[in-house]
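For reference, the structure is listed below as structure tokens.
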Amino acid sequence: MAFQDNPGFARRTLLAGGGAAVLAAPAVHAQGSAASAPIKIGLVAVLTGPAASLGTHLRDGWMLGMRHLDTKLGGRRVETIVIDDELRPDVAVTKVRAALERDKVDFVVGVVFSNILGAIIRPVTDSGTFLISTNAGPSTLAGRGCSPYFFTTSYNNDQVHSVMGQVAQDSNYRRVFVLTPNYQAGRDAVAGFKSKFQGTVVDEVYVPLTQMDFSAELAKIASLRPDAVFTFMPGGLGVNLVKQYRQAGLATIPFLSTFTVDEATLPAQGEAALGFYAAASWAPNMDNPANQAFVRDFEGVYNYVPASYAAQSYDAARLLDSAVKKVGGNFTDKNALRNAIAAADFQSVRGPFRFGINQYPVQDFWQLQVARRPDGRFQTETVRKVLSANIDPWAPECRMPVRI
């Protein structure tokens, strides 16, 4: 997918052999102090294949953050090296290693999918580089696998899915069909849902991340006639599932989902997704000044409605800006930098936001529903707050060192 140019950013050359684009203001040449050199950010996102729309949101959210910050973090100029992970762990590791070893990036930011994060976490953190995930939040890194070099501005995977478990429970659904992809985030989805839902899971189906035809699964749903369906199907999987679900005449069975109907997939799903439910810690219609400015300017620059992938990346830019300010642009003291990030001294588009002991957010979660706006565009909108200042279930298992 081609990069969308926007005012304020000069598009530079492809890095030889790395498959990454460098996006920056004119380079500032360091003379004497390292603090005068531009900060280098390795931005990891899937930008090819059926899931490219998710990575596009992630990338554009970061870039809007840079635009609002005049391409600076804490007053220092920034170079963003965009790394297309291609949704292939081996490719992601090769490109991220190049960014660390050759390009000497100061931070790695981004990552849509948990399997990509699982592949790159060790190379990044073992190098003493901070990794800020703006989407993937696997349980494996929230508990015993927590790292002082790892933060996420999104969530623990279990949390979002537990919202739908609570919704199903509150709605008195007794029999639910569960459908997710067969990888870590899919298993986290099921665990999160079951943590709140006390009824019967009539079937628990896992499909490949490449699956696009759901006729067999839909036939099962039709025969079992559950009270509701819970699914997590990101990107192109979600587009096809929603269309096929509606075409199969199953829309009378409540469709409870996470990362299946959102602003990254709604342009392709259209009316097929109307009325379907989702869960998230953010929605475009949230009424706070930071979010209103973010959504207005994002649509003005990119001409589409932002999804949570964009919002969480935008927050990451604001988070790092606050941290770099606190340390005066000097990264030599890793503990000071870590503490500055952990302080989360910025205005999130979600409203209340802080980090827990495992450096995952403590935040509110909402039930959302797909709606058509007056301008004809589709977006998710808040229905009700389901979880308040929620701490993820794995945090008590994290034994985070006080110092690096």
Side-chain angles (χ1 to χ4, degrees), residues 39 41 43 58 61-62 64-66 68-69 72-76 78 106-111 117 124-125 129-138 141-143 146-157 159-160 280-283 286 288-294 308-331 333-366 385 387-396 398 400-404:
I39 297 170
I41 304 292
L43 184 70
L58 185 155
W62 172 265
L64 182 67
M66 288 292 95
H68 280 177
L69 294 167
K72 296 176 182 177
L73 292 175
R76 286 182 59 184
V78 174
D106 297 290
F107 300 94
V108 175
V109 176
V111 189
L117 181 60
V124 177
T125 58
T129 304
F130 287 98
L131 195 164
I132 315 295
S133 172
T134 66
N135 191 64
L141 299 179
C146 64
S147 166
Y149 287 102
F150 177 74
F151 289 82
T152 175
T153 57
S154 56
Y155 40 71
N156 165 252
N157 289 345
Q159 290 175 290
V160 189
S281 59
W282 172 87
M286 283 187 166
N288 66 72
N291 190 54
Q292 290 171 342
F294 162 67
S308 60
Y309 312 100
Q312 292 155 183
S313 288
Y314 180 83
D315 268 359
R318 309 294 289 195
L319 168 68
L320 286 181
D321 177 60
S322 70
V324 175
K325 283 179 182 174
K326 282 184 179 294
V327 298
N330 190 334
F331 302 159
D333 186 338
K334 295 284 187 178
N335 287 293
L337 180 56
R338 175 192 174 195
N339 291 336
I341 299 171
D345 189 14
F346 74 103
Q347 293 296 312
S348 169
V349 296
R350 286 162 272 188
F353 176 102
R354 62 184 172 86
F355 285 116
I357 185 65
N358 57 356
Q359 300 176 172
Y360 277 60
V362 176
Q363 60 189 325
D364 301 335
F365 288 88
W366 299 75
K385 187 189 295 184
L387 303 175
S388 297
N390 190 252
I391 298 173
D392 78 86
W394 301 95
C398 173
M400 187 71 72
V402 176
R403 295 185 62 80
I404 298 172

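One is the number of the first residue; the rest follow in order along the sequence.
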Contact between Arg350 and Asp315 at the side-chain level, heavy atoms closer than 4.5 Å - yes or no?
yes

For Ala317 and Gly65 the tightest heavy-atom approach is CB-CA, 3.9 Å

Please identify which of these residues, Thr152, Asn156, Leu117, meets the side-chain contact (heavy atoms from CB on, under 4.5 Å) condition with Pro138.
Leu117

Whether the side chain of Gln363 engages the backbone of Ser281 through a donor-acceptor N/O pair (distance < 3.5 Å, no angle test) should be reported.
no

Within the structure provided, determine whether Trp394 and Tyr360 are in side-chain contact (heavy-atom separation under 4.5 Å).
no

Does Ser322 reach the main-chain N or O of Leu319 with its side chain, forming a donor-acceptor pair under 3.5 Å?
yes

Looking at the rings of Tyr314 and His68, which for Trp means the six-membered one, are their centres under 6.0 Å apart?
yes

Main chain of Thr134, side chain of Gln312: is a donor-acceptor contact present, judged purely on distance under 3.5 Å?
yes

Cation-pi check, Arg76 to Phe331: give yes when NZ or CZ is under 6.0 Å from the six-membered ring centre and within 45° of the ring axis, no otherwise.
yes

Trp62 versus Tyr309: any side-chain heavy-atom pair under 4.5 Å?
no

Do Phe107 and Val78 touch side chain to side chain, with heavy atoms closer than 4.5 Å?
no

Beyond-backbone contact of Phe346 with Asp321, side-chain heavy atoms, under 4.5 angstrom:
no

Between Ser154 (side chain only) and Asn135 (backbone N and O only), is there a donor and an acceptor less than 3.5 Å apart?
yes

Ala142 versus Cys398, closest heavy-atom pair with distance:
O-CB, 3.7 Å

Beyond-backbone contact of Ile41 with Leu73, side-chain heavy atoms, under 4.5 angstrom:
yes

What verdict does the side chain to side chain contact (heavy atoms under 4.5 Å, CB included) test give for Gln159 and Leu387, after you've listed the backbone C-alpha separation in whole Å, the side-chain angles of each residue and the deciding distance to 0.1 Å?
CA-CA 9 Å; Gln159 290 175 290; Leu387 303 175; 5.5 Å; no

Using modelled atom types only, decide if a donor and an acceptor are shared between the side chain of Arg338 and the backbone of Val402 within a distance under 3.5 Å.
yes

Using side-chain contact (heavy atoms from CB on, under 4.5 Å) as the criterion, point out the one residue from Asn157, Val362, Asn358 that pairs with Asp392.
Asn358

Minimum heavy-atom distance Gly74-Lys325, with the two atoms named:
CA-CG, 3.5 Å

At their closest point, which heavy atom of Ala340 faces which heavy atom of Ala323, and how far apart are they?
CB-O, 3.6 Å

Within the 4.5 Å heavy-atom criterion, are Val124 and Tyr149 side-chain neighbours or not?
no

Asn390 (side chain) donor-acceptor with Asp364 (main chain) under 3.5 angstrom
no

Candidate pair Lys326 and Ile341, rule side chain to side chain contact (heavy atoms under 4.5 Å, CB included), full reasoning
CA-CA 9 Å; Lys326 282 184 179 294; Ile341 299 171; over 6 Å; no

Kindly say whether Ser147 contributes a backbone atom to a donor-acceptor pair with the side chain of Gln359 at under 3.5 angstrom?
yes

Least distance between heavy atoms, Ala290 atom then Ser348 atom:
CB-O, 3.9 Å

Side-chain donor/acceptor of Asn288 to backbone N/O of Val349, under 3.5 Å
yes

With a 4.5 Å cut-off on side-chain heavy atoms, are Val327 and Asp333 touching?
no

